[in-house]
Amino acid sequence: MRLNRRQALGGFFTAGVVGWAGFTASDISVALAQASPPVERPLLPRPVLLAAGDELVATAAHPAFAPQAEAYGYNGSTPGPLIRIRKDEMFRKVVRNALTEETSFHWHGLTVPTLMDGQPQDALAAGASTEIAFPIIQRAGLNWYHPHPHGHTGRQAWNGMAGFFVIEDDEENALNLPSGEDELILVLRDAKVQGLTRLIYELNPDGHEGDFPVVNGVAWPRTTLSNRLVRLRILNGANARVFQLTSEAPMIVIGNDGGLIDKPHLVDMVEMSPGERVDLLMDLRRVPPGARVGLNCASAEWKLLEINVMAAEPTGWDIPERLSEIEPLVHGSGEPDRTFVFQETDRINDERFDMKTIAFAVEQGKVERWRFASARGAPHPVHVHGAHFQIIGGQHTNGNPRRDYAWERGWKDTVLVRTHESVDVLIRFDNYEGRYLLHCHKLEHEDHGMMLNFVVAKDTVEAMRRAEVENIYGPICWPTL
Ligand code: C2O
Ligand code: CU
Ligand code: CU
């Protein structure tokens with residue numbers, strides 16, 4: 001029996017008829033439905049808040065687009081529950097690994113002490129749990145948590161492990177940005193499945209991409225929004241895919257990885273690589289009720305999310321004129337203090353990640369200028385733990401300056417380094433002495449070794465000496481907390 005596409009789509013909700021090649025008709029129909037949007041798109045779920053008293057548990061979970069697949073998540077769902085907290089509060093949480101393999105809990109975008117950072121060295125064994133506690137010392141923004149065990153981050157993330165970590169503060173609240181029904185928090189990824197039963201993952205060194213989009217755990221979703229100003233807070237949680245976001249409605253960038261930028265910027269397109277976040281206002285005030293607009297990906301030609309616009313009472317939301325005061329970092333010389341060349345699929349400056357090796361030490365509180373350069377295998381989304389940085393320029397290998405992108409203003413923790421390109425950033429580690437990571441956030445590059453350890457210390461000479469001792473004798477009490 002051969003199904004044409006229409007029959008297959010029509011059969012989306014019927015199961016069990018044995019078809020060709022050993023698959024059931026429902027397998028075939030699901031596979032087809034996922035490669036292109038189904039006739040009736042499923043509803044976009046909004047993230048569910050993690051209750052204050054609940055542990056955060058790495059568990060098995062079943063993705064909505066492949067409900068029979070044994071996949072991963074947190075507290076039984078993929079993506080995991082939303083954490084919301086205010087600046088200056090203390091984050092305290094028991095985290096538990098209920099998987100049958102080791103994992104870790106990394107808080108991407110958060111400045112935390114080393115032992116709280118969920119680095120590969122500190123992965124939690126199957127069945128183990130630990131208490132996480134750190135103060136929220138940074139401004140409002142959309143951060144996220146995900147696993148970081150060396151060599152397995154890509155597979156675990158692909159299997160569904162990610163969750164939002166939102167920080168709020170007074171500065172952001174004072175802007176009266178769209179909230180409640182008018183605020184969406186979205187994690188974009190892609191997926192590839194075999195019918196309903198299996199997520200297909202290959203540790204492809206070039207980066208593993210899927211063949212259909214998944215937003216908040218659902219393939220090809222739709223949602224309804226009022227014809228108002230709405231806020232879309234977006235995370236690229238894909239392993240390797242770069243999204244080029246467009247919409248038929250006006251999009252205004254107001255923030256990114258490190259929170260609000262200086263002022264709103266109207267954009268036609270936002271390019272987002274894995275790990276990056278963007279905070280957008282979408283202006284639906286002049287969209288006729290009943291119309292459908294998309295949040296699209298231009299490069300993949302996907303309508304990631306279909307938005308049905310409905311008439312509603314206007315609200316007081318408006319586009320602020322100014323958003324925030326960004327203190328510019330200042331660096332004396334025009335020359336980089338360090339250059340990191342991201343090579344092929346697995347190296348930075350000719351080295352593959354080695355858990356015990358510390359590549360360099362940065363002096364705490366000092367502004368450094370770093371250059372990230374791509375040498376094949378690009379694009380490389382470069383991510384730094386422990387601090388945010390400011391992008392101050394860059395170059396194409398043909399000598400042309402790198403473009404200024406509105407969504408890269410302010411404070412970043414991840415930046416897309418394209419083919420034949422270098423990016424210069426200013427960075428300063430103010431907060432905790434300790435060991436941190438610098439790596440490519442294309443997770444297959446990271447897993448193959450495009451990552452390094454560095455330390456932040458008041459005394460960098462002493463720190464490197466300690467690191468060497470550790471390299472010989474194994475982890476000693478490092479850092480002192
Ligand atoms: Cu989002 Cu070191 O990672
Ligand atoms: Cu991180
Ligand atoms: Cu890379």
Side-chain angles (χ1 to χ4, degrees), residues 79-80 103-114 116-123 134 138 141-154 156-158 161-165 187 189 203-209 235-242 257-258 272-277 340-349 351-353 355 372-389 411-423 427 429 432 434-454:
T103 189
S104 79
F105 293 74
H106 171 56
W107 319 97
H108 180 132
L110 274 98
T111 298
V112 301
T114 300
M116 299 289 124
D117 198 37
Q119 298 182 15
Q121 286 87 331
D122 305 310
F134 53 79
Q138 66 197 77
L142 172 62
N143 302 286
W144 60 303
Y145 57 90
H146 67 74
H148 220 306
H150 188 50
H152 304 285
T153 299
Q156 293 190 356
W158 181 266
M161 298 180 79
F164 301 111
F165 194 117
V187 49
R189 25 173 328 116
L203 189 52
N204 174 357
D206 292 327
H208 187 58
E209 292 193 353
L235 156 68
N236 181 347
N239 282 40
R241 182 177 290 275
V242 176
D257 308 349
M272 282 188 95
S273 63
E276 291 189 286
R277 285 86 73 207
F340 304 96
V341 186
F342 293 77
Q343 297 153 309
E344 316 274 341
T345 59
D346 58 359
R347 296 181 318 284
I348 302 173
N349 295 348
E351 302 282 347
R352 278 208 182 93
F353 181 63
M355 217 152 350
F372 305 132
S374 66
R376 316 183 78 142
H380 299 293
V382 174
H383 172 50
V384 184
H385 290 214
H388 288 88
F389 51 79
W411 296 100
K412 294 281 292 168
D413 61 47
T414 308
V415 60
L416 176 56
V417 184
R418 297 170 182 77
T419 311
H420 302 306
E421 190 177 74
S422 68
V423 181
I427 192 162
F429 296 85
Y432 301 109
R435 182 215 321 121
Y436 297 96
L437 292 164
L438 164 70
H439 61 90
C440 180
H441 220 285
K442 191 182 272 184
L443 298 181
E444 291 72 29
H445 286 185
E446 173 185 335
D447 280 338
H448 281 92
M450 194 177 281
M451 175 152 74
L452 54 78
N453 291 310
F454 63 93

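Whatever order the structure lists them in is the order used to number ligands and atoms, beginning at 1.
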Using side-chain heavy atoms (C-beta onward) and a distance below 4.5 Å, is [X] in contact with [Y]?
{"X": "Leu203", "Y": "His448", "answer": "yes"}
{"X": "Tyr436", "Y": "Val384", "answer": "no"}
{"X": "Leu416", "Y": "Met272", "answer": "no"}

- Task: Report yes or no: does His108 have an N/O/S atom closer than 2.8 Å to atom 2 (Cu) of ligand 1?
- Result: no

- Donor-acceptor pair, side chain of Gln343 and main chain of Asn349, under 3.5 angstrom: yes

- Message: Looking at Thr111, is its backbone amide N or carbonyl O close enough to the side chain of Gln138 to form a donor-acceptor pair, meaning the two atoms are under 3.5 Å apart?
- Response: yes

- Do the ring planes of His146 and His106 sit parallel (below 30°), tilted (30 to 60°) or perpendicular (above 60°)? perpendicular

- Query: Relative to each other, are the rings of Phe340 and Phe372 parallel, tilted or perpendicular (30° and 60° limits)?
  - Reply: tilted

- Item | Angle in degrees, rounded to 10°, that NE2 of His148 and NE2 of His385 form at atom 2 (Cu) of ligand 1 | 110°

- Note on the structure: The angle formed at the Cu ion (ligand 3) by ND1 of His445 and SG of Cys440 is about (to 10 degrees) 130°

- Note on the structure: Among the N/O/S atoms of His380, the Cu ion (ligand 3) lies closest to ND1

- Message: If you take the centroid of each ring, where Trp contributes its six-membered ring, are Phe429 and Phe454 closer together than 6.0 Å?
- Response: yes

- Message: For a distance under 2.8 Å, give residue and atom name for each protein N, O or S atom next to the Cu ion (ligand 2).
- Response: His106 NE2, His383 NE2

